[in-house]
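Some notes on the structure that comes next.
Keep in mind the model is a prediction, meaning the values are calculated, not measured.
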Amino acid sequence: MVTRLSSSATPGGRPSIVEVLLSCGRPLSQGLVGAMAGPVAARAAYTLLTRPRPVRAPGPSAKAPAGAEGPGEGSGAGTVADEPDPWRRTNFRGRSVTLQEGPALASGVCAASLVTPGLTPRARASCALAAAGAAAFGAYDDLSGSPAARGLRGHLGALARGRVTTGLVKMVGIGATGVASAALLRRSAADTLLDGALIAASANLVNLFDLRPGRAAKLVLLAAAPALASPAAPLVGPVVGASAALLPDDLAERSMLGDAGANALGAALGVAAVARAPRPVRLVLLGGAVALTLASERTSFSRVIDRVPALRRLDRWGRCV
């Protein structure tokens, strides 16, 4: 008797090559949808947030600047400049850049995750909450923070002296939103705490690399792009697309991620890991994130990167000279 084998099964009941390819191709196609939606949403948000601010007309008491006397002097004619933009910062080379890239990128990730196929409502909500919460607390630190206390040791040291820093508020806030995001996935209490810690640690880790133009976004792309071939593709697709869309502005030193953008990217990647990876992998990822965070208290990542030729070339690729 001749046994006929279908193209979708092997004699032992194991999945065939066709089934394996289809199972891999479905998340990949879903992730690519997210990778296309991410740039559209992020670029639209960036354009909206960085549009020129209107110039206000001065009141009757406004005085013309010295040397600008003219026919309208003292009558309120003409215009005056707006107040300083709180979203502008001076980068490491002394160039003025906008921090609006961060909120725009976080908006793109959140919006794209809501329309990417292949996600349950709880997974969508978890990703959006983690990214939005991390961006909100990161923006608070961007706008109100002081460079007086830096790193985990600096913030805890300030707390020991009775002072609560904006960085400490950010850490507690991102930790809380991380646990809330993990709780949406409805796992055990132990898994929820583990997942919340991984989301928060990922958010902090990406932020530690945001010290040079494009560095954090490159790190995210290198970490997330391979995951497009995994079951996590629908969650990492929006991150890949939004990061790639705004990377040119970051490299050209027109904008920077700031804490809002870097924390949001890390939190979104953390959700992708906790939603799709088994517990042993999540434990390893959390251990790695914590180890790198502690290492950053004693070692400068920038110095390490500059000492390794391959890392130095990758880090400087695409930057303004």
### Message
Quick check: closest heavy atoms across A232 and A272, and the distance to 0.1 Å?
### Response
CB-O, 4.0 Å
### Query
Hey, what else clusters with V97 if you join Ile, Leu, Val, Met, Phe, Trp, Tyr whenever side-chain heavy atoms sit under 4.5 Å?
W87, L99, L143, M256
### Message
Using a 3.5 Å distance criterion without hydrogens, assess whether the side chain of S126 forms a donor-acceptor pair with backbone atoms of S181.
### Response
yes
#### Entry: Donor-acceptor contact below 3.5 Å, side chain S243 vs main chain V240
no
### Query
What residues, two or more places apart in sequence or in another chain, satisfy salt bridge (Lys or Arg N to Asp or Glu O under 4.0 Å) together with R88?
none
### Task
Determine whether L49 and E101 make a side-chain contact, defined as any pair of heavy atoms from C-beta on separated by less than 4.5 Å.
no
### Query
In terms of hydrophobic clusters joined by side-chain contacts under 4.5 Å, are L283 and L292 together?
no
### Note, T116 side chain near P238 side chain (heavy atom, < 4.5 Å)
yes
### Message
Side chains of Y46 and P103, heavy atoms from C-beta outward: is any pair under 4.5 Å?
### Response
no
### Nearest heavy atoms of T293 and S296, plus distance in Å
O-OG, 2.5 Å
### Message
If I take atom CG from residue L265 and atom CG from residue L221, how far apart are they, to the nearest 0.5 angstrom?
### Response
8.5 Å
### Task
Taking salt bridge (Lys or Arg N to Asp or Glu O under 4.0 Å) as the test, write out the residues that go with R122, two or more places apart.
none
### Side-chain donor or acceptor of K218 paired with backbone N/O of L314 under 3.5 Å
yes
## Note on the structure
The side chain to side chain donor-acceptor pair (under 3.5 Å) partners of Q100 (sequence neighbours excluded) come to none
### Summary
Distance col, row R316:CZ vs R212:CZ, nearest 0.5 angstrom, shows 9.0 Å
### Message
Less than 4.5 Å apart, side chain to side chain, heavy atoms only: is that true for L246 and R43?
### Response
yes
### Task
Determine whether L129 and V271 fall in the same hydrophobic cluster, where Ile, Leu, Val, Met, Phe, Trp and Tyr are linked whenever their side-chain heavy atoms lie under 4.5 Å apart.
no
### Query
Who passes side chain to side chain donor-acceptor pair (under 3.5 Å) against R312, sequence neighbours left out?
none
### Task
Please examine the side chains of F137 and N263, heavy atoms only from C-beta on, and report whether any two atoms are closer than 4.5 Å.
no
### Query
For V115 and A37, which heavy atoms make the closest approach, and how far apart are they?
CG2-CB, 4.0 Å
### Task
Would you list the pairs meeting side-chain hydrogen bond (donor to acceptor under 3.5 Å, both in side chains) in which at least one residue belongs to residues 184-201, sequence neighbours left out?
R187-D195, S188-D191, D191-R279, D191-R282, D195-R282
### Query
Under a 4.5 Å side-chain heavy-atom rule over Ile, Leu, Val, Met, Phe, Trp and Tyr, are L185 and L194 clustered together?
yes
### Query
How far does OG of S255 sit from CG of D250, to the nearest 0.5 angstrom?
5.0 Å
### Task
Please test D141 against T166 for side-chain hydrogen bond (donor to acceptor under 3.5 Å, both in side chains), starting from the C-alpha separation and ending with a verdict.
CA-CA 5 Å; D141 197 23; T166 57; 2.5 Å; yes
### For A45, all residues meeting side-chain contact (heavy atoms from CB on, under 4.5 Å), sequence neighbours excluded
A104, S107
### Over all atoms of both residues, closest heavy-atom pair of P234 and Q30
CG-OE1, 3.5 Å
### Task
Quick one: closest heavy-atom pair of L257 and A262, and the distance?
CB-N, 3.9 Å
#### Entry: Set of salt bridge (Lys or Arg N to Asp or Glu O under 4.0 Å) partners for R124, sequence neighbours left out
none
#### Entry: Flag, side chain of R51 to backbone of L48, donor-acceptor distance under 3.5 Å
yes
Which side-chain N or O atoms in residues 200-208 pair as donor and acceptor under 3.5 Å with protein atoms at least two apart or in another chain?
| residue | atom | partner | partner atom | Å |
| --- | --- | --- | --- | --- |
| S202 | OG | L198 | O | 2.7 |
| N207 | ND2 | D259 | OD1 | 3.4 |

#### Entry: Least distance between heavy atoms, A242 atom then V109 atom
CB-CG2, 3.9 Å
### Message
With a 4.5 Å cut-off on side-chain heavy atoms, are R303 and D306 touching?
### Response
no
### Task
With sequence neighbours excluded, tell me which residues meet side chain to side chain donor-acceptor pair (under 3.5 Å) with E253.
N91, R93
### Message
Applying side chain to side chain donor-acceptor pair (under 3.5 Å), can you list everything that pairs with D142, at least two apart in sequence or on another chain?
### Response
none
#### Entry: Identified side chain to side chain contact (heavy atoms under 4.5 Å, CB included) partner of L269 from the options V220, I199, L219
V220
#### Entry: Partner set under ring-ring contact (aromatic ring centres under 6.0 Å, His included) for F209, not counting sequence neighbours
F301
### Query
Please walk me through it: do R215 and S302 pass side-chain hydrogen bond (donor to acceptor under 3.5 Å, both in side chains)?
CA-CA 10 Å; R215 179 182 293 175; S302 293; 2.8 Å; yes
### Query
Same hydrophobic cluster for M171 and V164, using side-chain heavy-atom links shorter than 4.5 Å among ILVMFWY?
yes
### Query
Same cluster or not: are L114 and M36 linked, directly or through other Ile, Leu, Val, Met, Phe, Trp or Tyr residues, by side-chain heavy atoms under 4.5 angstrom apart?
no
### Query
How many angstroms lie between CG in L228 and CG in L28, if you round to the nearest 0.5 Å?
6.5 Å
### Donor-acceptor contact present, side-chain R89 to main-chain P86, <3.5 Å
yes
